[in-house]
Amino acid sequence: MDYDFKKIEAKWQAKWAAEKTYKAAEDPSKPKYYVLDMFPYPSGAGLHVGHPLGYIASDIYSRYKRLKGFEVLHPMGYDAFGLPAEQYAIQTGQHPEKTTTENVARYRSQLDRIGFSYDWDRSFRTCDPSYYKWTQWAFIKMFKCWYDPAMDKARPINELIAKFETEGYDDVTPEAWAAASEQERSDILMRYRIAYQGETSVNWCEGLGTVLANDEVKDGLSVRGGFPVEQRKMKQWQLRVSAYAGRLLDSLDSLDWSDSLKEMQRNWIGKSEGTEMVFDTVCGDRHLPITIFTTRADTVFGVTFMVLAPESELVDQLTTPEQKAAVEAYVKESRKKTERERIAETKTVTGVFTGSYGINPLTGEKIPIWVSQYVLAGYGTGAIMAVPAHDSRDYAFAKKFNLPIIPLIEGADVSEQSFDAKEGKMINSGFLNGMDVKEAIEAAKDYVEAHGLGRRKTNYRLRDAVFSRQRYWGEPFPIYYKDGIPTPLPESELPLELPEISSFKSQNGEAPLERALGWTYKGYPLETSTMPGFAGSSAYYLRYMDPHNDSELVSADADRYWRSVDLYVGGTEHATGHLIYSRFWNKFLFDLGYVCEDEPFRKLVNQGMIQGRSNFVYRIVGTNKFVSLGLKDKYETTEIHVDVNIVYNDKLDIEAFRKWRPEYADAEFELENGEYICGWAIEKMSKSMYNVVNPDLICDSYGADTLRLYEMFLGPVEQSKPWDTKGIDGVNRFLKKFWRLFWDREKWLVTDAAPRPEELKALHRLIGKEQEDIENFSYNTTISAFMIAVGELTDLGCTSRTVLEPLVVLISPFAPHMAEELWEALGHKESVTRAGFPVYDESLTVENSVKYPVSFNGKTRFMVDMPANASPAEVEAHVRALEQTAKYVGDGSILKVIVVPGRIVNIVVK
RNA sequence: GCGGGUGUGUUGAAAUUGGUAGACAAGCCAGACUUAGGAUCUGGUGCCUCACGGCGUAUGGGUUCGAGUCCCUUCACCCGCACCA
C-alpha cells in the first residue's frame with residue numbers, strides 16, 4: 001500500500017471531528033496542561049504559510065503532552081472585532097458580520113486541513129454576543145472598582161465612598177462629599193475608578209475617524225492603515241492600567257518569557273526612581289511653587305534654568321505680560337503639530353522664555369523659566385529643572401539660548417558636550433562635594449526629604465489605556481447616561497448587543513452609533529463609542545476554560561482546574577499591547593477573586609515571522625522576450641515579480657507562465673541549459689510580490705503531515721526565516737521512507753521478531769532526543785534525529801513490532817495522520833493520541849566506544865578513534881598526546897593504556 | 001542615543017553546553033535503474049594543495065591541556081524604545 005496522504009488525511013480529520021478525539025474535560029485524576037495560540041484576526045486574505053508556524057509548534061507540544069498523560073486544553077477561536085472588517089464594510093457596504101462570518105469559515109477550513117488537535121467545541125468569536133457579554137461584564141466591574149494603594153489592589157468603589165462619607169480621602173472631606181451634587185460625586189469618583197471617563201490628550205487619527213491607544217501608534221502613524229495621528233484633548237473612556245504598573249513590572253520576574261520580551265515590557269512600563277522637588281518661583285510679585293521630577297537630585301547645584309511643557313497649566317500662570325505674546329505663539333504652534341512632526345523635530349531646539357524666575361532651593365539662586373517642546377506634559381509633572389552640564393538635552397538648549405553651564409563632576413569637560421554618565425566625584429556642589437555620583441544621589445535625596453523640599457518618588461511611563469473608539473465594529477459599552485451621569489447597565493441586561501445601522505463610517509469625530517435609532521436604555525441615551533480591539537482579546541483565555549457558561553465568565557471549578565495558560569505561543573508584536581492589557585485584566589479579576597492565578601501566561605514562546613521568497617523573471621526592455629538569470633546582464637532588462645507558485649527550485653514552469661497572464665501567452669524565452677532560471681529575493685510575504693504561499697496548495701501536493709514537518713524543520717521556532725518551498729522534498733521523502741518501514745507496496749512488513757540491540761539503540765536514542773527537544777522547542781533537531789533513526793532502521797531491515805510500534809507514537813505529534821493510519825494497521829482501535837509516550841531506557845543507548853573524557857566509578861577514561869591504517873608511530877603519537885591531556889584530569893595518574901589496533905587508543909586515569 | 005539579540009559551508013541549520021566543527025536536510029557533481037520523473041537508489045561535496053599537509057565558526061586579543069561555546073576590543077546586521085528629565 002502506498003502512502004496516499006489525501007485519502008488518509010481526509011479520513012482521520014473526519015474521524016477526529018466525529019469522535020471528538022481532542023475534547024478536553026476537567027479530569028481531577030490527571031494533571032492538566034493548557035496550551036494556547038494567539039487567536040487570529042480573520043482577515044479576507046486567508047492564511048498564508050507563515051501563520052500556522054506557531055500553531056503547528058503548539059499543536060506538537062499539545063500532542064506530546066497528551067502522550068505524556070496530561071489532560072490538555074488546546075482551544076482556538078477568532079479575534080473578530082476590529083478595524084479591517086469595518087474598513088472593508090465601509091468600502092463595500094457589506095455588513096462586517098457577514099464578511100467576518102465568511103472569513104472565519106475560510107480560516108476554519110484552512111486550519112482543519114493541517115490537522116490541529118483543537119477542541120473545537122470550545123471555540124468562539126469575540127464578536128459573539130455570548131462572548132462579549134463577559135467583556136462588558138468585566139468593564140462594569142472595573143467601573144465599579146478603584147485601586148486602593150494601601151492594599152495595593154482593586155477594591156469595590158463603595159469602600160471608597162464609605163471613606164469619603166466618614167473620614168474623607170485624599171482631598172475629599174466628608175463635608176465636601178456630603179455637599180456634592182450627583183454630578184459632582186460622579187466626577188470625583190471618575191478620578192478613582194479603574195474604568196473611568198476622563199479628559200486626556202489622546203492620539204486622534206483623522207484617517208480612521210477614531211482615537212487610538214499608544215501601542216496602536218508607531219512613528220506618529222496608525223499601525224492599522226498608516227494614517228497620521230495628532231494629539232487632541234478629548235473626553236474618553238480609559239482603563240487605569242497605570243495603577244498596576246508596579247505589579248506588572250515586579251511579577252515579570254516570575255514569568256518564563258524570553259528576556260527580550262520582558263525587557264520590552266520593562267521599557268514600556270518605564271519605572272524610574274527619583275525625587276519630586278518643589279521650586280519656588282517669582283512671577284512679578286507673586287510666588288508660585290512648582291514641582292519637578294528628577295532622577296538626578298545630586299545635580300541641583302548645577303541647575304541654571306527650568307523648563308515647562310507647552311501644554312502645562314503653569315505656563316499661563318508664569319508668563320509675564322511682556323512675554324505673553326511670544327509664549328502664546330509658541331504654545332499655539334506646538335499644539336498644532338502632529339505627533340509625527342514633533343518626532344521629526346526632536347533634533348531642532350526650540351523654546352521661549354516666560355519672563356519668570358524660579359529659586360534654586362539649595363543655592364537660593366534665581367533661574368529663568370522657559371517653555372519648550374522637549375519637556376513632555378504627560379510625564380512626571382510636566383516641568384523640569386535643567387542641568388545643562390550633565391544632560392544632553394538641557395545642554396543643547398543652554399547652548400542655543402546662551403544659558404550658563406556649571407560642571408559638577410571633577411574632570412568632566414563640558415565645553416563641547418554634556419557629561420551624562422553617573423560616575424565621578426562631585427564638585428561645585430556644596431555639601432555633596434567629594435562624593436561619588438551614586439553616593440551623592442542618595443545623599444541629595446535624604447537632604448531634600450529632611451529639609452521638606454520634596455520627596456522620593458517613583459514614576460512610570462506606562463499610561464492609562466484609552467478604551468473608547470468612535471467606531472461601529474466593537475463591543476458596545478454597557479453604559480447609559482442618566483441625566484448626563486454615566487451609569488452602568490444592570491448585569492441582567494448583558495449582553496448589550498450592537499444595533500443595526502445603515503452606514504458604518506464615522507464623520508467629524510461622531511461615532512457611527514450616534515446614528516443608531518433607539519440606541520437608548522429606559523429612555524436614556526446609551527454610550528455611542530465602542531471598545532477597542534484589545535478588549536475582546538484581554539481575557540479570552542479564561543473563557544476557553546468554560547466557554548458555554550451563561551452565568552459566569554468562568555466557573556470556580558473550571559478556573560481552579562485549568563488555572564492559567566501553561567504555554568502561550570504567538571508573535572512579539574503584542575509585547576506592549578495585548579500582553580500588557582491581558583496581564584492587567586487578569587490581575588484585576590484576580591484582585592476581585594474571580595480567578596485564582598495572578599498571571600495569565602506562565603510560559604511564552606514567540607514564534608518568528610516567515611518572510612516570503614520572491615522570484616523574478618527578466619524581460620528585455622521593449623520586447624516580450626525573457627532571459628534566464630545567468631544571461632540577463634547581456635541585455636537591458638526589467639525585473640518582474642513572478643508568481644512563486646509556478647516556479648520550482650527557481651526554475652520557471654514556462655507553460656504555466658504563459659497561462660498566468662494573457663500578455664505572456666506568446667512570450668519568448670532565452671534559456672540556460674534548456675531551463676529558465678529565476679532570480680530571487682527575500683521580502684515580506686504579500687500579495688503584491690506574488691510570493692504568498694498558501695498552505696492549502698502544500699497540503700494538496702505534499703499533504704498536511706509534510707507541511708507540519710517542513711515548517712518545523714525550517715529552523716528554530718523562535719527565529720524569523722524566509723519560506724522556501726525548495727527543501728520540502730527532503731521531509732516528504734523522509735515520510736515516505738518512514739511509511740516504507742511498515743509497508744512495501746501491498747506487503748505488511750511488521751513482524752513479531754525480537755528486536756536486535758542495534759534496533760533498540762536507534763529507537764531509544766530517538767526517544768531520549770525527542771523528549772528533550774520537545775521540552776526545549778528544538779523541533780528541527782528532533783526531525784533530524786528521526787531521519788537518522790529511520791535511516792538506521794531501514795538499513796538494519798528492522799521489522800520488529802517492539803521497535804516499530806513506539807516509533808509510530810513518536811512521530812504522531814509531528815505527522816498525526818500518518819501515525820493514526822499506521823497505528824490502526826498495527827491493530828489498535830483507539831487513537832494513537834491515547835497510546836502513551838514510550839518509556840526511555842537510557843541503558844539501551846550506551847555507546848560502546850567513548851571518544852571524550854567520561855567519568856565513572858571515580859575514574860576518567862579517554863578514547864580517541866584511530867584511522868584503520870594508522871602506523872605504529874601514529875599510534876604512539878596519539879598515546880603521547882592523550883597522556884599530555886590526561887595530566888590535567890583527576891590526579892593525573894594513568895591506570896591503563898589500551899590500544900585497539902587500528903581502532904582506538906584508550907587511556908584510563910584515576 | 002539607550003536596551004535586547006544575532007554573526008558557523010552555496011543555502012536552512014547542528015554541535016552532547018568547554019571536548020572529532022559543519023550532524024540532518026537543500027543545492028550542486030558523478031553514477032545506477034528506468035513506466036524519462038519536480039520518481040527511487042548509491043557515492044562525492046568547508047577552503048587552499050596534484051599530493052603530504054595546512055587553514056578554517058564576523059574581527060583582534062585573552063583565559064584554558066583544549067574555545068563556535070567563557071572574558072575583553074572592534075565591525076556588521078536584526079528587533080524594541082526614543083527629547084521619559
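Side chains are part of it too, since the values below use all heavy atoms of this structure and drop only hydrogens, waters and symmetry mates. Proteins come first, then strands; the chains are lettered A, B, ... in the order of their sequence lines, and each starts at number 1.
- Residues from residues 571-579 of chain A with heavy atoms under 4.0 angstrom of RNA chain B: there are none.
- Between the P atoms of B/rA21 and B/rG54, the separation comes to 13 Å (whole Å).
- Here B/rA14 presents its P atom at 14 Å from CD of A/Glu772, a figure rounded to the nearest Å.
- Rounding to the nearest 0.5 Å gives a distance of 8.0 Å between CE of A/Met385 and OG1 of A/Thr275.
- As a whole-Å value, the separation of A/Asn267 CG from B/rC83 P is 13 Å.
- B/rC65: Watson-Crick or G-U partner is B/rG19, with both key distances under 3.5 Å.
- Between the P atom of B/rG4 and the CG atom of A/Leu252 lies a distance of 15 Å, rounded to the nearest Å.
- Counting any heavy atom pair closer than 4.0 Å across all strands shown, A/Val731 reaches no nucleic acid atom.
- Nucleotide B/rU40 holds its C1' atom 21 Å from the CH2 atom of A/Trp743, rounded to whole Å.
- B/rC75 is paired with B/rG7 under the Watson-Crick or G-U wobble criterion, all donor-acceptor distances under 3.5 Å.
- Residue A/Arg733 has no polar side-chain atom (N or O) positioned under 4.0 Å from OP1 or OP2 of B/rA25.
- Between A/Phe397 and A/Trp370, the distance separating the two ring centers is shorter than 6.0 angstrom.
- The main-chain N or O of A/Gln611 is never found under 3.5 Å from a side-chain atom of A/Arg613 such that the two would form a donor-acceptor pair.
- Syn is the glycosidic conformation of B/rG9, whose angle stays within 90° of 0.
- Of the possible donor and acceptor atoms, none in the side chain of A/Tyr395 sits under 3.5 Å from a partner among the backbone N and O of A/Phe419.
- When the P atom is used for both B/rA39 and B/rU45, the distance is 23 Å, rounded to whole Å.
- Residue contacts for A/Ser260: at a heavy-atom cut-off of 4.0 Å it reaches the sugar-phosphate backbone alone, with no base atom in range.
- A ring-centre distance under 6.0 Å is found for A/Trp723 and A/Tyr710.
- Nucleotides B/rA13 and B/rA26 have their P atoms positioned 16 Å apart, rounded to a whole Å.
- The partner of B/rG46, taking Watson-Crick or G-U wobble pairs whose two distances both stay under 3.5 Å, is B/rC55.
- Of the side-chain N and O atoms in A/Tyr379, one or more sit less than 4.0 angstrom from OP1 or OP2 of B/rA85.
- Going from the C1' atom of B/rA58 to that of B/rU6 covers 11 Å, rounded to whole Å.
- Backbone-only engagement by A/Ile788 is indicated by non-hydrogen atom pairs under 4.0 Å involving sugar-phosphate atoms exclusively.
- The side chain of A/Gln373 lies closest to B/rC83, out of B/rC83, B/rA15, B/rA39.
- A/Thr706 contributes a side-chain N or O that, together with a main-chain N or O of A/Tyr702, makes up a donor-acceptor pair within less than 3.5 Å.
- In terms of position along RNA chain B, the nucleotide closest to A/Asn780 lies nearer the 5' end than the nucleotide closest to the other residue of the pair A/Lys726 and A/Asn780.
- At B/rC83, none of the side-chain N or O atoms of A/Ser372 fall inside 4.0 Å of OP1 or OP2 (strictly under the cut-off).
- A/Arg266 comes within 4.0 angstrom of nothing in the nucleic acid, heavy atoms only.
- Put simply, the side chain of A/Thr381 gets close to the backbone of A/Thr291: a donor and an acceptor are under 3.5 Å apart.
- In this structure, B/rU73 is classed as anti because its glycosidic torsion departs from zero by more than 90°.
- The P atoms of B/rG44 and B/rU59 are separated by 30 Å, rounded to the nearest whole Å.
- Rounded to an integer number of Å, the gap from A/Asn459 CG to B/rC83 C1' is 16 Å.
- The distance from atom CZ of A/Arg765 to atom C1' of B/rA23 is 12 Å, rounded to the nearest whole Å.
- For the pair A/Asp724 CG and B/rA25 C1', the interatomic distance rounds to 12 Å; values are reported in whole Å.
- With a cut-off of 3.5 Å on both pairing distances, B/rA82 has no Watson-Crick or G-U wobble partner at all.
- Note on residues 298-308 of chain A: pairs passing salt bridge (charged side-chain N to carboxylate O under 4.0 Å, His left out), not counting sequence neighbours, are A/Arg296-A/Asp298.
- Nucleotides B/rA14 and B/rG9 place their C1' atoms 13 Å apart, quoted to the nearest Å.
- Between the side chains of A/Ser272 and A/Asn459, not a single donor N or O lies within less than 3.5 Å of an accepting N or O.
- Counting only distance, with no hydrogens or angles, the side chain of A/Asn776 and the backbone of A/Ser778 share no donor-acceptor pair below 3.5 Å.
- Pair assignment for B/rU40 gives B/rA32, based on Watson-Crick or G-U wobble hydrogen-bonding distances that are each under 3.5 Å.
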Verdict with supporting geometry, A/Phe734 and A/Phe713, side-chain contact (heavy atoms from CB on, under 4.5 Å): CA-CA 12 Å; A/Phe734 159 71; A/Phe713 190 62; over 6 Å; no
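- In this structure, A/Asn360 contributes its side chain and A/Val300 its backbone to a donor-acceptor pair below 3.5 Å.
- Across the C1' atoms, B/rC48 and B/rG62 are found 29 Å apart, a figure rounded to whole Å.
- Listed by chain and number, the residues in a ring-ring contact (aromatic ring centres under 6.0 Å, His included) with A/His574 are A/His578 (sequence neighbours excluded).
- Rounding to whole angstrom units, CD of residue A/Glu276 and P of B/rA85 are separated by 14 Å.
- Applying the side chain to side chain donor-acceptor pair (under 3.5 Å) rule to A/Ser418 yields the partners A/Asp420; only residues at least two apart in sequence or on another chain are considered.
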Within the sub-3.5 Å range, which N or O atoms of nucleotides 35-38 of chain B have a protein N or O partner, and how far apart are they?
unit_1 : atom_1 : unit_2   : atom_2 : d
B/rG38 : O6     : A/Tyr648 : OH     : 3.1
B/rG38 : N2     : A/Tyr702 : OH     : 3.4

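- Heavy-atom distances under 4.0 Å link RNA chain B to A/Phe713, A/Leu714, A/Pro716, A/Gln719 of residues 709-719 of chain A, given in residue order.
- When each of A/Ile384 and A/Trp268 is assigned the nucleotide of RNA chain B with its nearest heavy atom, A/Trp268 is the one assigned upstream, toward the 5' end.
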Next item on the list: Go through the steps to decide whether A/Ser258 and A/Asn606 satisfy the test side-chain contact (heavy atoms from CB on, under 4.5 Å), and finish with yes or no.
Entry: CA-CA 8 Å; A/Ser258 73; A/Asn606 293 118; 3.8 Å; yes
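- Taking the P atom of each, B/rG46 and B/rC24 are spaced 13 Å apart, rounded to whole Å.
- Backbone-only engagement by A/Arg740 is indicated by non-hydrogen atom pairs under 4.0 Å involving sugar-phosphate atoms exclusively.
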